[in-house]
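Okay, so here's the structure we're looking at.
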Amino acid sequence: MADADSLDQSILPRDAALLQETVRDAGALAHSMFRTELKKWTKGASSPVSEADIAVNDLLEARLRGATPDYGWLSEESADDSARLSRRLTWIVDPIDGTRNYLGGHDDWCVSVALVEDASPVLAAVFAPTSGEFFFAARGQGTMLNGAPVRATSGSRLDFSRVAGPKPLVERLKPSLGEIKLHPRIGSLALRLCRVAHGALDAAFAGGNSHDWDLAAADLIVQEADGRMSDLSGDPILYNRREVTHGVLVAAGRDRHASIVSHFRDRPLP
């Protein structure tokens with residue numbers, strides 16, 4: 001594998017083009033199957049999956065792995081292959097993030113794909129076909145939404161109507177306020193986090209039990225929009241490890257993120 005400099009200068013531009021084209025095509029496929037009669041079933045305890053998830057996963061895997069056979073692969077809809085742990089570059093994929101919403105005919109779902117170098121994302125694309133939102137980020141190059149640069153909101157003030165996430169968790173920021181009204185629920189975690197990147201939300205939280213494929217693309221998209229995304233202690237999220245499940249996380253603009261992390265350091269969750 002090439003060294004870090006040649007990786008950025010030669011490999012990443014090629015992979016960026018591949019990623020954007022493939023995620024657009026995957027989103028188009030998912031959208032063509034949206035609100036149709038689909039075979040669906042449950043995996044694990046309660047996680048829904050459908051033939052659309054599998055079809056989109058198959059497209060992504062054929063295109064991305066076909067073009068980069070030496071990269072690792074981690075997808076919600078593929079059997080985990082531990083060979084990824086020894087690969088410097090790994091695709092991390094959620095074919096349809098927000099499957100419950102997708103199957104329910106609701107609009108907030110997306111295709112989410114990141115390329116991770118070692119433990120950190122270097123390329124990311126999140127496509128929500130029903131709203132037409134296409135987020136793209138490359139390490140050190142900023143975040144684009146439909147081709148235009150975007151940034152997270154500045155400041156540290158909390159307007160709870162612009163905060164999304166589990167209400168019992170968010171209420172811990174200001175427990176003395178009594179009843180608070182949060183932003184309406186966004187069923188796709190990747191979209192919830194990405195909407196921090198262009199200022200639609202001031203902050204977004206992920207409850208426990210999120211996974212690499214829910215987070216990796218949104219993480220880079222937020223970071224490159226001058227935001228921050230971390231666990232509540234402020235530690236960065238590491239990807240493509242043996243354990244791919246994560247605890248409570250927060251994404252926000254830089255100053256607001258620092259304020260939220262400081263709050264939870266002083267008042268840790270039980």
Side-chain angles (χ1 to χ4, degrees), residues 4 12 19 71-76 80 82 84-95 97-98 110-126 135-143 151-152 163-166 169-170 172-173 186 188-198 201-265 268-269:
L12 289 186
L19 173 62
Y71 292 9
W73 180 262
L74 174 64
S75 169
E76 182 176 17
D80 192 5
S82 62
R84 65 181 172 80
L85 298 171
S86 63
R87 304 296 171 89
R88 182 176 178 187
L89 290 164
T90 294
W91 295 109
I92 296 185
V93 173
D94 196 339
D97 183 70
C110 65
V111 179
S112 177
V113 182
L115 181 64
V116 168
E117 181 188 9
D118 300 323
S120 300
V122 293
L123 292 174
V126 170
F135 295 89
F136 177 77
R139 182 174 60 185
Q141 297 179 35
T143 293
R151 294 176 71 85
V163 176
L169 171 63
V170 180
R172 290 181 172 274
L173 287 169
I186 300 170
S188 160
L189 178 54
L191 271 185
R192 183 192 313 168
L193 298 166
C194 283
R195 286 181 177 153
V196 169
H198 69 111
L201 294 175
D202 286 341
F205 287 82
N209 206 38
S210 54
H211 297 82
D212 276 15
W213 46 78
D214 303 309
L215 306 169
D219 192 346
L220 185 65
I221 286 165
V222 169
Q223 304 278 359
E224 287 294 325
D226 201 31
R228 297 291 181 269
M229 183 167 145
S230 73
D231 64 22
L232 293 187
S233 66
D235 292 333
I237 306 159
L238 302 178
Y239 299 98
N240 195 35
R241 299 302 178 94
R242 191 170 298 279
E243 177 55 61
V244 300
T245 304
H246 301 271
V248 177
L249 308 168
V250 60
R254 183 184 302 183
D255 294 340
R256 191 169 287 105
H257 177 270
S259 177
I260 292 170
V261 166
S262 176
H263 176 91
F264 280 106
R265 280 177 178 158
L269 297 179

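Residues: numbered from 1 along the sequence shown. Remember, predicted model here, so these are calculated numbers, not experimental data.
- Shown here for V250 and D231, the closest heavy-atom pair between the two residues is CG1-O, 4.4 Å.
- A salt bridge (charged side-chain N to carboxylate O under 4.0 Å, His left out) check over residues 237-253, counting only residues at least two apart or in different chains, returns nothing.
- Annotation: the span from L173 atom CG to F264 atom CZ amounts to 4.0 Å, rounded to 0.5 Å.
- Across all non-hydrogen atoms, the minimal contact from V248 to L269 is CG2-CD1, 4.0 Å.
- With sequence neighbours left out, the salt bridge (charged side-chain N to carboxylate O under 4.0 Å, His left out) criterion links R151 to D226.
- Considering all non-hydrogen atoms of both residues, P121 and L220 come closest at O-CD1, 3.5 Å.
- Once rounded to the nearest 0.5 Å, the distance linking CD1 of I92 with CG of D214 reads 11.0 Å.
- Contact between S112 and V126 at its shortest, heavy atoms only, is OG-CG2, 3.7 Å.
- The aromatic rings of W91 and Y71 are tilted relative to each other, their planes meeting at an angle between 30° and 60°.
- The NE2 atom of H246 sits 6.5 Å away from atom CD1 of I237, with the distance rounded to the nearest 0.5 Å.
- With T143 contributing its side chain and A137 its backbone, the two residues share no donor-acceptor pair below 3.5 Å.
- Atom CZ of R87 and atom CG of L74 lie 13.0 Å apart (nearest 0.5 Å).
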Between L115 and L12, is a side-chain contact (heavy atoms from CB on, under 4.5 Å) present by the stated rule, with each step listed? CA-CA 9 Å; L115 181 64; L12 289 186; 4.0 Å; yes
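- Proximity of I221 to L193: side-chain heavy atoms (C-beta onward) are nowhere separated by under 4.5 Å.
- Taking the side chain as every heavy atom from C-beta outward, W213 and D97 never approach each other to under 4.5 Å.
- A distance-only check finds no donor-acceptor pair linking the side chain of E76 to the backbone of V93 [under 3.5 Å].
- No side-chain heavy atom of Y239 sits under 4.5 Å from any side-chain heavy atom of V244.
- Across every non-hydrogen atom of A197 and V222, the tightest pair is CB-CA, 4.2 Å.
- There is a side-chain donor-acceptor pair under 3.5 Å between T90 and N240.
- Between the OG1 atom in T245 and the CG atom in L215 there is a gap of 10.0 Å [rounded to 0.5 Å].
- Taking every heavy atom of both residues into account, L189 and A206 meet most closely at CD1-CB, 3.7 Å.
- With respect to the salt-bridge test (charged N to carboxylate O, under 4.0 angstrom), the residues R88 and E117 qualify.
- The backbone N or O of G234 lies less than 3.5 Å from no partner atom in the side chain of H257, so there is not a single donor-acceptor pair.
- Counting heavy atoms from C-beta outward, R228 and Q223 have side chains that approach closer than 4.5 Å.
- Here M229 contributes atom CE and C194 contributes atom SG; the two are 8.5 Å apart, rounded to the nearest 0.5 Å.
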